[in-house]
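The next block holds one structure in the form of structure tokens; read it before the comments.
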Amino acid sequence: MNALPESTGVLVVGAGPAGLSLAASLRQKGVDAVLLDRAAEGANTSRAAVVHARTLETLREVGATGELVERGIIVPRFTVRERDRVLLTVEFGDLPTDFPYTLLVPQNVTEEILLGRLHAAGGVVHRPFEVTGLEQDEDGVTATLADGGQIRAAYAVGTDGMHSTVREHAGIAFEGDAYPQSFVLADVHLDWAAAARRSCCSSPRRVSRSSRRCPAGGTASSRPSTRRPGNRPPPTSRRSWTRAAPGATPR
Ligand SMILES: Cc1cc2nc3c(=O)[nH]c(=O)nc-3n(C[C@H](O)[C@H](O)[C@H](O)COP(=O)(O)OP(=O)(O)OC[C@H]3O[C@@H](n4cnc5c(N)ncnc54)[C@H](O)[C@@H]3O)c2cc1C
């Protein structure tokens, strides 16, 4: 646990990708900023594994894009299949950007890279500190923590996710709707004869058949997911992505 200072210029609440990017950027610009998170450590799962061109353009400013591209899988054409059927193909190769593709990289890796940029700028994540209250006055903000402590800041920024305490205390509504479907995701390693250059999709019962369709060999890092709409029966389809060589065009 890092001791919290009593005051700071900018208090950034929540050390997910948004908070880490902001804190790293502020520190790089010489702004006094404190980043805290209620979790004792960062999550280790893939979650937002698809990073788009605009994000890569933006994260270039904090110096994270080079390593992201190096550690991710470049996918200029994204294909989703079910058995022998192509369900969906999305082309990214013609985008007017330095990054004409989508990048597959697990969110925990993205966070690790952003944390590296924060450390390089002399910052840390203060854990575990939970903000439970926030009061604004003419000169700034006072945040109250779950342990009863307080920290004073000129500004507070809520990067504390979808159930944002900061947003609630700032009186900002969460507009919009939730999707009717729910999703089940699993991060798994599959030891199968998978193609090195394509994205695959298979039904849960036919993974081995899909493997035969995508022969290449090796251990693939894959991420099946299953969509479970409302009250419908258990999952009937899965999608997974296999490793593609950087620069390769998935078929
Ligand atoms: C299982 C799962 C699968 C997902 N899959 C995808 C996907 O396929 N594609 C996609 O685009 N997105 C996906 N997401 C969503 C994606 O992870 C989020 O959009 C992304 O993490 C948002 O980043 P963020 O920095 O805004 O907030 P978060 O990553 O949610 O970070 C918020 C941080 O704030 C901290 N925090 C919260 N409240 C407080 C408080 N009061 N005090 C201090 N700290 C606090 C939390 O501990 C957390 O570390 C998935 C999410 C989950 C959970």
Side-chain angles (χ1 to χ4, degrees), residues 1-2 4 8 10-26 33-56 58-59 62 64 68 72-73 75 78 80 88 90 102-115 117-118 124-135 141-151 153 156-170 172 174 176 178-179 181-188 199 201 221-228 235 238-241:
M1 185 196 288
N2 304 101
L4 268 187
T8 183
V10 182
L11 174 65
V12 183
V13 183
L20 286 164
S21 305
L22 176 63
S25 175
L26 289 170
V34 165
L35 172 61
L36 57 75
D37 198 290
R38 68 181 172 192
E41 56 186 38
N44 64 356
T45 50
S46 65
R47 292 160 293 151
V50 180
V51 177
H52 288 290
R54 185 61 192 133
T55 307
L56 294 171
T58 304
L59 291 182
V62 291
L68 275 168
I73 298 169
V75 180
F78 193 92
V80 180
L88 169 72
V90 187
T102 188
L103 188 75
L104 297 190
V105 59
Q107 186 171 325
N108 59 306
V109 172
T110 300
E111 291 178 7
E112 185 188 319
I113 292 168
L114 291 170
L115 182 63
R117 302 315 303 157
L118 177 65
V124 293
V125 182
H126 297 267
R127 299 178 182 273
F129 291 103
E130 179 174 6
V131 170
T132 53
L134 208 62
E135 252 179 64
V141 181
T142 301
T144 303
L145 308 173
D147 65 6
Q150 288 193 325
I151 178 167
V157 182
T159 51
D160 48 346
M162 65 183 292
H163 303 292
S164 168
T165 301
V166 174
R167 186 182 62 238
E168 277 168 23
H169 282 274
I172 300 169
F174 182 77
Y179 289 116
Q181 305 92 350
S182 61
F183 293 80
V184 177
L185 299 175
D187 290 333
V188 298
S199 56
C201 177
S221 176
S222 300
R223 183 191 193 225
S225 78
T226 303
R227 199 183 79 164
R228 300 191 64 185
R238 280 184 190 178
R239 68 174 193 268
S240 65
W241 294 280

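Everything quoted here is computed from the prediction, not taken from an experiment. Throughout, residue positions are numbered sequentially from 1 according to the sequence presented. Order of appearance sets the numbers: ligands from 1, and atoms from 1 within every ligand.
- Looking at A18, A40, A48 and measuring to atom 11 (O) of ligand 1, the nearest heavy atom belongs to A48.
- In this comparison of V51, T110, D37, L114, the heavy atom closest to atom 35 (C) of ligand 1 sits on D37.
- Of all the heavy atoms of F129, the ones lying under 4.0 Å from any atom of ligand 1 belong exclusively to the backbone.
- Ligand 1 places these atoms under 4.0 Å from at least one heavy atom of T165: 41 (N).
- For ligand 1 and L185, the ligand atoms under 4.0 Å from any heavy atom of the residue are 3 (C), 4 (C), 5 (N).
- Between the side chain of S21 and the main chain of P17, a donor-acceptor pair closer than 3.5 Å is present.
- Looking only at distances, no side-chain donor or acceptor of R38 sits under 3.5 Å from a matching main-chain atom of V13.
- Ligand 1 has an N or O atom lying under 3.5 Å from an N or O atom of V131, backbone or side chain.
- Between P17 and ligand 1, a contact under 3.5 Å exists for at least one N or O pair.
- Of the possible polar contacts, one joining the T132 side chain to the T144 backbone as a donor-acceptor pair under 3.5 Å is found.
- Applying the side chain to side chain contact (heavy atoms under 4.5 Å, CB included) test to A143 and every residue at least two apart in sequence or in another chain returns L11, V131, L134, I151.
- Remark: the backbone N or O of R54 is paired with a side-chain donor or acceptor of T58 at under 3.5 angstrom.
- For a threshold of 3.5 Å applied to N or O pairs, the pair formed by Q107 and ligand 1 contains at least one separation below that value.
- Note: no N/O pair closer than 3.5 Å links E130 and ligand 1 by distance alone.
- When heavy-atom distances to ligand 1 are checked against a 4.0 Å cut-off, V166 has no atom that comes that close, whether in backbone or side chain.
- Near V13, the atoms of ligand 1 lying under 4.0 angstrom from a non-hydrogen atom of the residue are 42 (N), 43 (C).
- Between the side chains of D187 and S46, a donor-acceptor pair is found at a separation under 3.5 Å.
- For the side chain to side chain contact (heavy atoms under 4.5 Å, CB included) test, residues two or more places apart in sequence or in another chain that qualify with A170 are I172.
- For Q107 (side chain) and A48 (main-chain N/O), a donor-acceptor pair under 3.5 Å exists by modelled atom type.
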